[in-house]
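All figures in this text were calculated on a predicted structure; none of them were measured in a lab. Every heavy atom of this structure was used, including side-chain atoms; hydrogens, water molecules and symmetry mates were not.
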Amino acid sequence: MRKNMIALTATTIMAAGAIPAVSASPAYAGGRFGCDYPRVCFYLTSADWLARKPTSAFRDITRHFQKLGPRARYAYAAYNSRIDDSAWLEMSDGSQTCLGPDDTWFFDQADAPQTVTGVQIVDENECYRP
């Protein structure tokens with residue numbers, strides 16, 4: 001009986017020690033496309049996109065568009081890693097494009113005059129402007 005009790009205790013301790021190792025990895029570890037949650041990431045060139053190395057990232061919800069700096073302005077691609085917020089992209093011609101949660105935008109080479117110049121992250125999970 002004593003041997004069974006010791007074996008049961010050792011098994012219980014080993015199992016309890018294994019639990020944190022199994023549940024330790026977060027759902028968004030490393031992020032998709034190299035973009036950590038909760039960010040909207042920009043990739044200046046196609047090489048940056050293919051390497052999964054964002055050149056700039058934004059995370060704050062704002063009331064107005066934030067002008068993009070040189071590491072994001074005229075980006076090749078953008079990715080919204082947020083799961084419940086949308087991101088509006090402002091184009092050089094004044095038009096706007098929306099990135100929903102977990103959505104990607106790519107520069108359209110056929111429409112070269114329209115390049116991304118600003119971003120606004122909003123607390124809405126759908127792309128809707130009244």
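In this structure, the side chain of Thr115 does not engage the main chain of Ser92 through any donor-acceptor pair within 3.5 Å. Judged purely by atom type and a 3.5 angstrom limit, Arg82 uses its side chain to pair as donor or acceptor with the backbone of Arg59.
The minimum heavy-atom distance linking Val40 with Cys35 is given by the pair C-SG, 4.4 Å. The two atoms that bring Thr62 and Gln66 nearest to each other are CG2-NE2, 3.4 Å, heavy atoms only. Closest approach of Gly100 and Cys127 over heavy atoms only: N-SG, 3.6 Å.
One finds the CG atom of Asp84 at 11.5 Å from the CD atom of Glu124 (value rounded to the nearest 0.5 Å). A distance of 7.0 Å separates CG in Asp36 from SG in Cys41, rounded to the nearest 0.5 Å. Residue Phe33 holds its CZ atom at 11.5 Å from CG of Leu50, rounded to the nearest 0.5 Å. Interatomic distance, OG of Ser86 versus CG of Asp103, reported as 8.5 Å (0.5 Å rounding). Thr55 contributes atom OG1, which lies 12.0 Å from atom NZ of Lys53 (distance to the nearest 0.5 angstrom). Atom CH2 of residue Trp49 and atom CZ of residue Phe106 lie 4.0 Å apart, to the nearest 0.5 angstrom.
Looking at heavy atoms from C-beta onward, Arg73 lies out of side-chain contact with Val116 at the 4.5 angstrom threshold.
In terms of the side chain to side chain donor-acceptor pair (under 3.5 Å) criterion, residue partners of Lys67 (sequence neighbours excluded) are, by chain and number, Glu90. Residues satisfying the side chain to side chain contact (heavy atoms under 4.5 Å, CB included) criterion with Ala78, sequence neighbours excluded, are Phe42, Leu89, Leu99, Trp105. Here Thr45 pairs with Asp48 under the side chain to side chain donor-acceptor pair (under 3.5 Å) rule; sequence neighbours left out.
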>> Assess the residue pair Thr117 and Phe65 against the criterion (side-chain contact (heavy atoms from CB on, under 4.5 Å)); give the C-alpha distance rounded to whole Å, side-chain angles, the decisive distance to 0.1 Å, and a yes or no.
In response: CA-CA 9 Å; Thr117 59; Phe65 279 94; over 6 Å; no
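The cluster map of Ile, Leu, Val, Met, Phe, Trp and Tyr, joined by side-chain heavy atoms under 4.5 Å apart, puts Trp88 and Met91 in different clusters. Transitive grouping of hydrophobic side chains (ILVMFWY, heavy atoms separated by less than 4.5 Å) brings Phe107 and Phe58 into a common cluster.
At a cut-off of 3.5 Å, with distance as the only test, a side-chain donor of Asp102 or Tyr79 sits close to an acceptor on the other residue. At a cut-off of 3.5 Å, with distance as the only test, a side-chain donor of Ser95 or Asp93 sits close to an acceptor on the other residue.
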